[in-house]
Asker: 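Sharing a structure, written as structure tokens. Questions coming.
Just so it is clear, the model here is predicted, and its values are computed rather than measured. Order of the sequence lines sets the chain letters (A, B, ...), proteins ahead of strands, with each chain counted from 1. What's counted below: heavy atoms across the whole structure, side chains too, no hydrogens, waters or symmetry copies.
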Number of protein chains: 2
Amino acid sequence: MSSSSIHIGLVLFPNVTQLDLTGPAEVFSRLPGAHVHLLWKDLDPVVTDRGMRILPTTRYDECPPLTVICVPGGSGQIELMSDQQTLNFLRKVAAGCQLITSVCTGSLILGAAGLLTGYRATSHWSSIDQLGLLGAEPVHARVVRDRDRLTGAGVTSGIDFALSVVALLAGEEVAQSIQLQMEYDPEPPFQAGSPRVAPPELVARTKENMSAFIERRRIATVQASNRL
Amino acid sequence: MSSSSIHIGLVLFPNVTQLDLTGPAEVFSRLPGAHVHLLWKDLDPVVTDRGMRILPTTRYDECPPLTVICVPGGSGQIELMSDQQTLNFLRKVAAGCQLITSVCTGSLILGAAGLLTGYRATSHWSSIDQLGLLGAEPVHARVVRDRDRLTGAGVTSGIDFALSVVALLAGEEVAQSIQLQMEYDPEPPFQAGSPRVAPPELVARTKENMSAFIERRRIATVQASNRL
């Protein structure tokens, strides 16, 4: 496949976590010749979960056949779990995709569309267990590939994830070139990026702060599971 | 300083590299009570260097006093080097800031505004030497702090940079909590994120591909230097 025939679509929904989308979009838009689509129901500005407003490029009903569909996460994911227009769109477009993918809690949306049943997948550390309710097998890893499904863990994992997607589509050299352009040689200032390495009291406090929200997400996941 | 009185401004200019801005914006917007402003001359959608369109929130002429000003990079940086409206705005707003900052080639814009004269600073690996033309001392590091100047290296360094800013403003615990929320526990798929570690032939090819653009940037830097 030549790069110029690669179409990559990212779902840009209200209350998406913008970095779940903008990290991979930065990587994908550097793949020579690839077309990146920001997909939504209409072309009005979408307000992300912390207020940044980004414009979609392509409506669901005008979306061309895609090479890759990518669903990011964020608090708006909960509403999408029961949004039949989005779930139908994902099922339809995924049927022609080479890779069906997600970042963060976008994997729960893929799961609600029935697209992860029987697949190993990952998600944000706070919600990865909910994948099991949707027929997927949760795997605690930063990027998980199972056949044509590629899922990334929370938020910033989208950069690692997207470089892996590019390597699959266009080869490791192209992915390495993009990594060099983006100076992706990370040096996190603290050891706090996952519950595995963060101070236990920080993990406990963060879980406590998120507990009501995670419970609301769980209810949506159970309801989606009942509809599968 | 309480978080609710923290105002952080990021310049959102045409042909900015969106991840230079969206990475730090994701971090800053998670600082409880902080106000994040995307600053430009007007409020029309700004087209970034690879086509994503993002809406500014705040015009230069209505910008409140800022705690932090942050200038990202990207190809549009070249035009900003001689944009007196932007350079004047930066000088004026910086006078009241606690931290004067940049990501990627945004440091060259700070330099063109005369805001890095006599300071150690960093930039994207491809252009860091140009800082010397603007009276700054180039330092090859991912995040460089010199007194109240904090500069990040290329593109993805903005995440490391922004966590460092939050630690300075609100303490390490708050920064660690944001790092955990964002699952920033990076696992780059390749050793290719800087010229120091990337395969030499990849570095040579990338430099060759960028050479005409870097030369155009250098001309703008020399012209800005002559105006200082």
Asker: Looking at every non-hydrogen atom in both residues, tell me the closest pair between A/Leu180 and B/Trp125 and how far apart they are.
Answerer: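 Closest heavy-atom pair between A/Leu180 and B/Trp125: O-NE1, 2.9 Å.
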Asker: Please flag which part of A/Thr206 lies under 4.5 Å from any non-hydrogen atom of chain B: side chain, backbone, both or neither.
Answerer: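 Interface part for A/Thr206: side chain.
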Asker: Heavy-atom pairs under 4.5 Å with chain A: which of B/Ile54, B/Val36, B/Thr22, B/Asp49 has the most?
Answerer: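 Heavy-atom pair counts peak at B/Thr22.
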Asker: Would you name the heavy atoms of A/Pro199 and B/Gln176 that are closest together and state the gap between them?
Answerer: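 Distance-wise, the nearest heavy atoms are CG-OE1, 4.1 Å.
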Asker: Please classify the contact of A/Ala198 with chain B as side chain, backbone, both or neither, using a heavy-atom distance under 4.5 Å.
Answerer: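 For A/Ala198, the side chain is the part near chain B, not the backbone.
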Asker: If you count heavy-atom pairs under 4.5 Å between each of B/Gly154, B/Ala167, B/Pro188 and chain A, which one has the most?
Answerer: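 Most pairs with chain A among the choices: B/Pro188.
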Asker: Counting heavy-atom pairs under 4.5 Å with chain B, which one of A/Arg196, A/Gln181, A/Glu172, A/Glu173 comes out on top?
Answerer: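 Highest number of pairs under 4.5 Å: A/Glu172.
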Asker: Between CD of A/Gln18 and CD of B/Gln18, what distance do you get to the nearest 0.5 Å?
Answerer: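 CD of B/Gln18 is found 8.0 Å from CD of A/Gln18.
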Asker: Working note: A/Val155 + B/Arg30, criterion side-chain contact (heavy atoms from CB on, under 4.5 Å); need CA distance, chi angles, decisive distance, verdict.
Answerer: CA-CA 13 Å; A/Val155 194; B/Arg30 290 169 186 260; 4.1 Å; yes
Asker: So which residue, B/Ser177, B/Pro186, B/Ser157, ends up with the most heavy-atom pairs under 4.5 Å with chain A?
Answerer: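 Going by pairs under 4.5 Å, I would pick B/Pro186.
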Asker: A/Val203 versus chain B, heavy atoms under 4.5 Å apart: side chain, backbone, both or neither?
Answerer: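 Both parts, backbone and side chain.
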Asker: Please state whether the side chain, the backbone, both or neither of A/Leu21 comes within less than 4.5 Å of a heavy atom of chain B.
Answerer: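 The side chain, not the backbone.
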Asker: Please state whether the side chain, the backbone, both or neither of A/Leu19 comes within less than 4.5 Å of a heavy atom of chain B.
Answerer: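 For A/Leu19, the contact with chain B is made by backbone and side chain together.
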Asker: Which bit of A/Pro195 is near chain B, if near means a heavy-atom gap under 4.5 Å: side chain, backbone, both or neither?
Answerer: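 Both parts, backbone and side chain.
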Asker: Would you find more than 12 non-hydrogen atoms of other residues, nucleotides or ligands less than 6.0 Å from A/Gln191 atom CD?
Answerer: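 Count not over threshold, so no.
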Asker: Kindly compute the distance separating CD (A/Glu26) from CZ (B/Arg50), expressed to the nearest 0.5 Å.
Answerer: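 Between atom CD of A/Glu26 and atom CZ of B/Arg50 there are 5.5 Å.
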Asker: Select one option (side chain, backbone, both, neither) describing which atoms of A/Ile159 are under 4.5 Å from chain B's heavy atoms.
Answerer: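 Contact with chain B: side chain only.
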Asker: Tell me which of these, A/Leu38, A/Thr57, A/Thr17, has more heavy-atom pairs under 4.5 Å with chain B than the rest.
Answerer: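 That would be A/Thr17.
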Asker: Using a 4.5 Å cut-off on heavy atoms from C-beta on, say whether the side chain of B/Arg142 contacts that of A/Glu183.
Answerer: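 Heavy-atom side-chain distance check passes, below 4.5 Å.
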Asker: Picking from B/His124, B/Met210, B/Glu187, which has the most non-hydrogen pairs under 4.5 angstrom with chain A?
Answerer: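 Answer, by heavy-atom pair count under 4.5 Å with chain A: B/Glu187.
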Asker: Atom OG of B/Ser194 and atom CD of A/Gln179: how far apart are they, to the nearest 0.5 Å?
Answerer: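 If we round to the nearest 0.5 Å, B/Ser194:OG and A/Gln179:CD are 9.5 Å apart.
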Asker: What's the separation between atom CG in A/Leu10 and atom CE in B/Met52, rounded to the nearest 0.5 Å?
Answerer: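 A/Leu10 CG to B/Met52 CE: 7.5 Å, rounded to 0.5 Å.
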Asker: Between A/Ser126 and chain B, with a heavy-atom cut-off of 4.5 Å, which part of the residue counts as in contact: side chain, backbone, both or neither?
Answerer: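 Neither part; nothing is under 4.5 Å.
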Asker: Measure the spacing between CG of B/Asp160 and CZ of A/Phe190 and express it to the nearest 0.5 Å.
Answerer: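 Nearest 0.5 Å value for the CG-CZ distance: 10.5 Å.
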